[in-house]
Amino acid sequence: MMAAALRGSLVTLAKGLSAARLQPLCARSLSLAGQNVAESPPARADSTFKVTMVPGDGVGPELMTAVKDVFKAADVPVEFDEFHLSEVQNMASEEKLEEVLSSMKNNRVAIKGKIHTPMEYKGELASYEMRLRRKLDLFANVVHVNSLPGYSTRHNNLDLVIIREQTEGEYSSLEHESVSGVVECLKIITREKSRRIAKFAFDYATKKGRSKVTAVHKANIMKLADGLFLQSCAELAELYPKIKYETIIIDNCCMQLVQNPYQFDVLVMPNLYGNIIDNLAAGLVGGAGVVPGESYSAEYAVFETGARHPFAQAVGRNIANPTAMLLSASNMLRHLNLEYHSNMVSEAVRKVIKQGKVRTSDLGGYASSDEFTRAVIANLAV
C-alpha cells in the first residue's frame, strides 16, 4: 500500500514539473503571435525535394557548384540528382539522354546549364538540348529582364518579360540539300502551338498583374507562317480585354529595345526571335551572367540562365558570374513553394551586387566566382 501511494505521489509530482516546464514555452508562443511574422522562425519543409541537375558545358559545372554551396549554407531542403550530358565532351548517348529524361519526369523540376551544340553536322540535326525540350514539351521559355539595384546601365529600372515558343519555328531540325549547293531549311508554325504560347503569355500577364502583351513577328515577309502566329495571338487577345495587345516587327523591336525598352511589358514571339531578343535584352541589364530564365510544359519546369552561353573561354579560370544561375535557383525554390529560402538566396545575391564591393569582371569588378559565392553566403539571412 505504501509503495503504491509513493508511486502515485511521484507520478503527480512528475506531471506538475512537466506542466511547469511547458508553461514558459506556451507563454512565449503566445507573445510571439503578436509580433512581426518576419521575426518568427521560418516554417521548415516537411521533406526534401528532389531536383534533377544537369550542369552542361563550359562554366556550367562551376555555376552549379556555386548553387550547391549556397543551398548548403542556407540549409535548403533540396537534394540533387546530378547528370553530366555533353555533346562536346563525349558524354552524350541515347542511354544517357533517357536517364536524364527519366529523372526529370520523376522529379518534375530541373536546373540545368547550357548543353553546347557543335556546329559540325554529324548525321543528327536535332541537338540534345532541343531533344530534351521536345520530349518534355517545354514549349514556353520565360526570361524576366530586371535591372539589378546598385548596378547602373544605360537603361535603369527595367522590368520586362520575354516569352518564347521553343518547340517549333526555325528550330524544327528540318533541313535538306535539294540539289548540290542548295539547302532548304523549313520553319514550322502551327495554329495549335501558336495559340498555346499566346494563351500562356496572356495568362502570365494576368497572373503577374501586367498590363500589356506585345506579339513580335515578321509577317510582312513571312506572310503565312508569321501571319498564322500573329492571327493566333490576336484571337487569344480578344479573350483578355483587360490586357492591352500590340504587335511589332522583329527588326523594329530590336531597335526599340535599345532606344526605349520601357515601352514594353510582356513580349511573346516564335522561337528564333525569342533567342535573339533574350540575348539583346540581357545585354541591357548587365549581360548573360545576370539574367535568369525558366522553361515550362504542362507538367515540368526547367530552370536555367536567361541567355544561354557555355562561356567556354572561361572554363577553369574562376571568373564566371554565378548571379544568373543563383537567381534561377531562387526562382526554382519559389516554384517548389520554398518561399523563405527563395527570398533568402535572391536577397543575398542582390545585396552583394548593390554593395558593389564584390563583383565579377563582367560587371566591372575583380572578384572570382568563388569570392562572389562566398560573399553571397556571408549575406544569407540564416
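Position 1 is the first residue of the sequence; numbering continues from there.
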**Report entry** Exam field: side chain Glu165 to backbone Thr167, donor-acceptor pair closer than 3.5 Å
**Finding:** yes
Query raised in the report: How would you list, by chain and number, every residue that makes a ring pair (Phe, Tyr, Trp, His ring centres under 6.0 Å) with Tyr240, sequence neighbours excluded?
Result: Phe202
Query raised in the report: Honestly curious: do Val183 and Leu186 fall in one hydrophobic cluster under the side-chain, below-4.5 Å linking rule?
Result: no
Requested in this report: Classify the side-chain pair Tyr273/Asp226 by whether it contains a donor and acceptor separated by less than 3.5 Å.
Outcome: yes
Query - Asn252 (side chain) donor-acceptor with Ile248 (main chain) under 3.5 angstrom - result: no
Query raised in the report: For Lys244, which residues count as a salt bridge (charged side-chain N to carboxylate O under 4.0 Å, His left out) partner, sequence neighbours excluded?
Result: Glu246
Query raised in the report: NZ/Lys223 to CG/Leu230 distance, rounded to the nearest 0.5 angstrom?
Result: 12.0 Å
**Report entry** Short N-O contact, Lys114 and Asp57, less than 4.0 angstrom
**Finding:** no
Query raised in the report: What are the two closest non-hydrogen atoms of Tyr340 and Ala381, and how far apart are they?
Result: OH-O, 3.4 Å
Query raised in the report: Run the salt bridge (charged side-chain N to carboxylate O under 4.0 Å, His left out) check on Asp159 and Arg210 step by step: do they pass?
Result: CA-CA 11 Å; Asp159 181 9; Arg210 292 181 173 267; 2.6 Å; yes
Query raised in the report: Looking just at side-chain N and O atoms, do Ser295 and Glu304 make a donor-acceptor pair shorter than 3.5 Å?
Result: yes
Query raised in the report: Does atom CD of Glu177 have more than 12 heavy-atom neighbours from other groups under 6.0 Å away?
Result: yes
Requested in this report: In sequence, state the C-alpha distance, the side-chain angles, and the governing distance for Glu82 and Lys68, and then conclude on salt bridge (charged side-chain N to carboxylate O under 4.0 Å, His left out).
Outcome: CA-CA 11 Å; Glu82 190 167 341; Lys68 289 184 281 189; 2.9 Å; yes
Query raised in the report: Residues two or more places apart in sequence or in another chain: which of them pass salt bridge (charged side-chain N to carboxylate O under 4.0 Å, His left out) with Asp278?
Result: none
Query raised in the report: Are any side-chain N or O atoms of Glu79 and backbone N or O atoms of Val51, one a donor and one an acceptor, separated by less than 3.5 Å?
Result: no
Requested in this report: Determine yes or no for a side-chain-to-main-chain donor-acceptor pair under 3.5 angstrom, with Thr52 supplying the side chain and Ser103 the backbone.
Outcome: yes
Query - side chain to side chain contact (heavy atoms under 4.5 Å, CB included) involving Ser172 - partner list, sequence neighbours excluded - result: Glu168, Leu174, Ile188
Query - Side-chain donor or acceptor of Ser342 paired with backbone N/O of Leu338 under 3.5 Å - result: no
Query raised in the report: If you take all heavy atoms of Tyr245 and Ala234, which pair is closest and at what distance?
Result: OH-N, 3.7 Å
Query raised in the report: So do the side chains of Asp265 and Thr214 get within less than 4.5 Å of each other, counting heavy atoms only?
Result: no
Requested in this report: Would you please name every residue forming a ring pair (Phe, Tyr, Trp, His ring centres under 6.0 Å) with Tyr151, sequence neighbours left out?
Outcome: none
**Report entry** Whether over 12 other heavy atoms sit under 6.0 Å from Tyr262 OH
**Finding:** yes
Report task. Give a yes or no on whether Leu224 atom CG has more than 12 heavy-atom contacts from other residues, nucleotides or ligands under 6.0 Å away. Result -> no
Query raised in the report: Is the charged tip of Lys208 near the ring of Tyr204: under 6.0 Å from the six-membered ring centre and within 45° of its axis?
Result: yes
Requested in this report: For the pair Ser368 and Arg374, evaluate side-chain hydrogen bond (donor to acceptor under 3.5 Å, both in side chains) and give the outcome as yes or no after the intermediate values.
Outcome: CA-CA 10 Å; Ser368 66; Arg374 288 196 294 270; 5.0 Å; no
Report task. Quick one: list whatever passes side chain to side chain contact (heavy atoms under 4.5 Å, CB included) with Asn157, sequence neighbours left out. Result -> none
**Report entry** Backbone of Asn275 reached by a side-chain donor or acceptor of Asn279 within 3.5 Å
**Finding:** yes
Query raised in the report: For Val179, which fellow cluster members are found when Ile, Leu, Val, Met, Phe, Trp and Tyr are connected by side-chain heavy-atom distances below 4.5 angstrom, either directly or through intermediates?
Result: Val182
Requested in this report: Would you sort out whether His335 and Phe303 count as a ring pair (Phe, Tyr, Trp, His ring centres under 6.0 Å), showing the intermediate values?
Outcome: CA-CA 10 Å; His335 178 77; Phe303 295 83; 5.6 Å; yes
Query - Residue pair Glu192, Ser194: steps toward the side-chain hydrogen bond (donor to acceptor under 3.5 Å, both in side chains) verdict - result: CA-CA 6 Å; Glu192 177 187 355; Ser194 296; over 6 Å; no
Query raised in the report: Is there a donor-acceptor contact under 3.5 Å from the side chain of Gln263 to the main chain of Asn260?
Result: yes
Query raised in the report: Is it the case that one hydrophobic cluster holds both Val258 and Val290, taking links as side-chain heavy atoms less than 4.5 Å apart, direct or via other members?
Result: yes
Report task. Search all heavy atoms of Leu363 against all heavy atoms of Gly286 and return the closest pair with its distance. Result -> CD2-O, 3.9 Å
Query raised in the report: With hydrophobic residues grouped by side-chain heavy-atom distances under 4.5 Å, do Val59 and Tyr366 end up in a single group?
Result: no
Report task. Please list, chain by chain and in numerical order, all residues satisfying side-chain hydrogen bond (donor to acceptor under 3.5 Å, both in side chains) with Asp69, sequence neighbours excluded. Result -> none
Requested in this report: For atom NZ of Lys187, decide whether the heavy atoms of other residues, nucleotides or ligands shown that lie under 6.0 angstrom number more than 12.
Outcome: yes
Query raised in the report: Does one side chain, of Arg134 or Ser173, offer a donor that lies under 3.5 Å from an acceptor on the other?
Result: yes
Report task. Determine, using the 4.5 Å side-chain heavy-atom cutoff (strictly less than), whether Met255 and Met269 are members of one ILVMFWY cluster. Result -> no
Report task. Identify whether the distance between the nearest side-chain nitrogen and carboxylate oxygen of Lys112 and Glu129 falls below 4.0 Å. Result -> yes
**Report entry** Pair Lys357 + Glu371, salt bridge at N-O below 4.0 Å
**Finding:** no
Query raised in the report: Looking at Tyr171, is Arg164 sitting on its ring face, NZ or CZ under 6.0 Å from the six-membered ring centre and within 45 degrees of the normal?
Result: yes
Query - Sequence-distant partners of Asp362, side chain to side chain contact (heavy atoms under 4.5 Å, CB included), two or more places apart - result: Asn321, Thr360
Query raised in the report: Atom OH in Tyr300, atom CE in Met104: separation rounded to 0.5 Å?
Result: 11.0 Å
Requested in this report: With sequence neighbours left out, write down each residue that passes salt bridge (charged side-chain N to carboxylate O under 4.0 Å, His left out) with Arg195, or none if nothing qualifies.
Outcome: Glu235
**Report entry** Residues forming a salt bridge (charged side-chain N to carboxylate O under 4.0 Å, His left out) with Glu98, sequence neighbours excluded
**Finding:** none
Report task. Ignoring hydrogens and angles, tell me if any N or O in the side chain of Glu175 forms a donor-acceptor pair with the backbone of Glu184 under 3.5 Å. Result -> no
Query raised in the report: Is the side chain of Ser330 donor-acceptor paired with the backbone N or O of Leu326 at a distance under 3.5 Å, no angle test?
Result: no
Query raised in the report: Are more than 12 heavy atoms from other residues, nucleotides or ligands located less than 6.0 Å from atom NZ of Lys212?
Result: yes
Report task. Apply side chain to side chain contact (heavy atoms under 4.5 Å, CB included) to Gln313 and list each qualifying residue two or more places apart in sequence or on a separate chain. Result -> Phe311
**Report entry** Step-by-step side-chain hydrogen bond (donor to acceptor under 3.5 Å, both in side chains) determination, Asn156 to Ser147
**Finding:** CA-CA 6 Å; Asn156 296 310; Ser147 295; 5.3 Å; no
**Report entry** Passing candidate, side-chain contact (heavy atoms from CB on, under 4.5 Å) with Val268, options Ile162, Val216, Ile197
**Finding:** Ile197
**Report entry** Exam field: side chain His217 to backbone Ala219, donor-acceptor pair closer than 3.5 Å
**Finding:** yes
